[in-house]
Amino acid sequence: MIFLLRELLKLELSNAVERVVGQTYSFEVDIAPQGFGDFATNAALVGARYARKSPMQLAEQLREELKNSELFESIQIAKPGFINFVMKRSTLLRVLHRIIELDNYPVNKIGTGKIQFEYGSANPTGPFTVGHGRQLVIGDVLSNVFRELGYEVTREMYINDAGRQIKLLGRSLWVRYNQILGVKDIDIPEDGYHGQYLIDIAEKLADEQKDRYKEKWDDQVSQFFERYAVESILKDMKEDLMELGCSFDVYFSEKSLVSDGTVDQVLKILEQKGCTYWKDDALWFKVSEFVEEDDKVLIKKDGSLTYFLTDIAYHYNKYKRGFSKVYDIWGSDHHGHIPRMMAAMKALGIEDGFLNVILHQFVTLKRGEEIVRMSTRAGEFVTLQELREEVGVDATRYFFAMIDPNTHMIFDLDLAKERSSDNPVYYVQYAHARICSLFEQARHKSVLFEKGKDMELLSDKSELDLIKRIDAFEDALKDVARTLSPCKLTQYLEQLAYDFHSFYTKCLIVDQDNPRLSNARLNLSYATMVILRKGLALLGVSAPEKM
RNA sequence: GCGCCCGUAGCUCAAUAGGAUAGAGCAUCGGACUUCUAAUCCGAGGGUUGUGGGUUCGAUUCCCGCCGGGCGCACCA
């Protein structure tokens with residue numbers, strides 16, 4: 001049974017449109033701007049071309065058709081052809097009753113099927129940077145929202161524990177270890193890892209192993225240092241994830257794709273389809289056959305595998321696991337990787353739409369007037385941990401969620417630190433804390449809170465605005481899913497908090513002399529609280545009862 | 001040179017699959033606490049949406065050119 005206001009309206013309108021125009025088309029229903037009633041639709045504007053009438057004429061006909069509906073108090077038509085609806089108060093209250101009755105906002109489970117979000121994937125060659133933080137938060141929030149909408153979501157992190165970078169990491173650690181043992185004339189390779197964290201790890205290692213590997217280097221030693229470095233760094237990374245409130249269902253090892261034969265399988269398929277060839281002692285994939293890009297190497301002439309090859313294998317593995325769609329979240333510097341991955345998907349016979357890539361732009365850090373340049377290899381960056389410790393988990397998560405992934409983001413550290421109380425997260429949290437204190441007050445003053453009663457007494461504009469906003473929660477979630485941008489949710493919550501704060505300022509909620517009106521307003525506050533909690537939980541941000 | 005993304009208030013960002021008067025926060029100015037948390041509310045100022053065209057009832061949004069910025073263009077990942 002439909003109880004959301006906009007859903008109800010859309011249904012009635014669709015029926016009317018079908019009767020009047022004789023066909024269906026998509027249109028919008030929104031909360032109307034100030035002075036244009038409760039809700040507004042562009043149905044007549046969009047439909048004008050199908051109906052072969054002017055928008056105003058069509059609007060008039062639709063109004064006539066809807067005249068007898070029980071939902072509306074009145075229907076007006078405005079300038080180019082908007083139809084504006086004033087709802088009956090009893091209609092507005094339906095949502096509220098439903099939420100109170102369920103003690104929850106029942107989101108329509110429109111999602112079907114198994115999907116996957118892959119994010120936070122990083123070389124285990126150093127701690128997470130703030131850039132990773134952005135990606136982690138985007139992925140985590142999107143996963144939460146898709147799950148809320150009914151999808152079966154797997155959160156996954158790909159661990160690039162193979163390849164040249166890992167060898168470099170092992171070598172870099174070995175150099176640090178030797179430096180600690182006093183070996184001179186030994187330096188980290190030019191393109192190796194120079195960060196302080198490797199010195200820390202080397203110190204621990206030197207402590208454990210003494211001079212066992214001093215000035216000794218062969219394949220076995222190399223492997224030992226690689227493993228030691230990766231394990232140490234992974235441990236720190238997982239701790240970081242826990243602190244940030246990000247959990248994954250699967251940590252997928254790149255190495256495992258070789259050992260379990262997936263890579264060979266993929267190579268065989270590509271060869272069979274004639275998508276590969278040998279040139280200069282290397283194996284190439286015919287990217288150019290599928291998209292306008294140059295061919296790429298799969299197996300290097302030294303026999304080692306490229307990242308491209310293992311990534312194809314990884315996505316083949318995802319496909320075999322039965323996901324209907326997978327979403328990869330990558331930094332924008334990887335955008336060049338998209339066309340060739342799409343080409344590979346085609347070559348493997350995987351249907352369009354399976355692989356979806358969400359790119360996020362870089363995070364620039366600003367300290368004072370200075371832009372902080374960041375590079376993992378040079379060891380010049382601010383870690384996610386430092387950021388989290390400076391501004392707190394709630395602010396970190398909220399800040400990353402509130403900006404569209406596609407927007408280049410400037411993170412002002414001083415601002416985040418010094419003016420932390422100006423962060424919008426506190427604005428939303430404060431609304432929740434205020435509601436909690438209202439119930440405290442009600443108990444204190446012995447004002448009775450009875451769920452689901454007296455709500456017909458709600459009539460102030462601020463009260464009705466708040467109801468409409470509560471109603472729109474599901475649309476906010478759908479917007480997040482459609483645009484793949486968590487900022488739609490933070491924006492909605494700020495709107496909701498704003499509507500609540502206005503209502504709070506204008507209406508005395510706990511009033512001993514007016515117990516029934518108080519109860520009505522407590523019910524409205526309660527419904528608001530339900531949404532705030534739910535929304536903040538989806539963001540992974542706490543909902544404090546006191547501030 | 002080619003490709004991807006971006007350009008909106010002084011700053012950080014929004015603006016739903018083209019919609020009505022382009023919105024918030026910070027900053028600036030002026031109001032509101034003897035009554036539920038002033039981390040709040042009410043109001044004011046601040047914009048030729050980088051720029052020039054095009055598409056149409058209507059463009060911040062779509063298309064083309066130009067200017068400016070970020071990022072790619074590896075047998076790195």
Using OP1 and OP2 only, check whether a side-chain N or O of A:Lys506 sits under 4.0 Å from B:A32.
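No, because none of the side-chain N or O atoms of A:Lys506 sits under 4.0 Å from OP1 or OP2 of B:A32.
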Presence of A:Tyr504 side-chain N/O under 4.0 Å of B:A39 phosphate oxygens OP1/OP2:
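For B:A39, neither OP1 nor OP2 has a side-chain N or O of A:Tyr504 closer than 4.0 Å.
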From A:Lys468, A:Arg521, A:Lys506, residue fulfilling salt bridge (charged side-chain N to carboxylate O under 4.0 Å, His left out) relative to A:Glu463:
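Running salt bridge (charged side-chain N to carboxylate O under 4.0 Å, His left out) over A:Lys468, A:Arg521, A:Lys506 with A:Glu463 returns exactly one hit, A:Arg521.
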To the nearest Å, give me how far apart CG (A:Asp333) and C1' (B:G3) are.
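My rounded result for the distance is 15 Å.
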Consider the side chain of [X], meaning its heavy atoms from C-beta on, and name the nucleotide among [options] that approaches it most closely.
{"X": "A:Lys296", "options": "B:A74, B:G72, B:A20", "answer": "B:A74"}
{"X": "A:Ala78", "options": "B:A20, B:A77, B:C41", "answer": "B:A20"}
{"X": "A:Asn42", "options": "B:G19, B:C41, B:A77", "answer": "B:G19"}
{"X": "A:Asn406", "options": "B:C41, B:C5, B:A77", "answer": "B:C5"}
{"X": "A:Lys301", "options": "B:C75, B:C36, B:U16", "answer": "B:C75"}
{"X": "A:Phe362", "options": "B:A39, B:C71, B:A77", "answer": "B:C71"}
{"X": "A:His335", "options": "B:U40, B:A77, B:G72", "answer": "B:G72"}

Does [X] pair with [Y] as a salt bridge, N-O distance under 4.0 Å?
{"X": "A:Asp280", "Y": "A:Lys301", "value": "no"}
{"X": "A:Arg469", "Y": "A:Asp465", "value": "no"}
{"X": "A:Lys478", "Y": "A:Glu7", "value": "yes"}
{"X": "A:Arg516", "Y": "A:Asp454", "value": "yes"}
{"X": "A:Asp295", "Y": "A:Lys279", "value": "no"}

Less than 3.5 Å apart, any donor N or O on the side chain of A:Ser288 or A:Glu293 sitting next to an acceptor on the other?
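On atom types as modelled, these side chains do not qualify, holding no pair under 3.5 Å.
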Please list each protein N or O that sits under 3.5 Å from an N or O in nucleotides 11-14 of chain B, with the distance.
from  : atom 1 : to       : atom 2 : distance (Å)
B:C13 : OP1    : A:His408 : O      : 3.3
B:C13 : OP1    : A:Ile410 : N      : 2.6
B:A14 : OP1    : A:Asp404 : N      : 2.8
B:A14 : OP1    : A:Thr407 : OG1    : 2.8
B:A14 : OP2    : A:Thr407 : OG1    : 3.3
B:A14 : O3'    : A:Gln491 : NE2    : 3.1
B:A14 : O2'    : A:Gln491 : OE1    : 2.8
B:A14 : O2'    : A:Gln491 : NE2    : 2.3

For A:Tyr498 and B:A24, are the ring centres under 5.5 Å apart with planes inclined under 30°?
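A:Tyr498 ring does not meet the centre or angle cut-off for B:A24; no stack.
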B:U61 and B:G7, which share atom name P, separated by this distance in whole Å:
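Pairwise P distance, B:G7 against B:U61, rounds to 10 Å.
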Using the C1' atom as the reference point in each nucleotide, state the distance between B:U8 and B:G46 in Å, no decimals.
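The answer is 14 Å between these two C1' atoms.
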Note, RNA chain B 5' to 3' with Watson-Crick or G-U pairs under 3.5 Å encoded as ( ), [ ], | and . gives (((((((..((((.....[...)))).(((((.......))))).....(((((..]....))))))))))))....
Report the distance from atom CZ of A:Arg171 to atom OG of A:Ser222, rounding to the nearest 0.5 Å.
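It is 8.5 Å, given to the nearest 0.5 Å.
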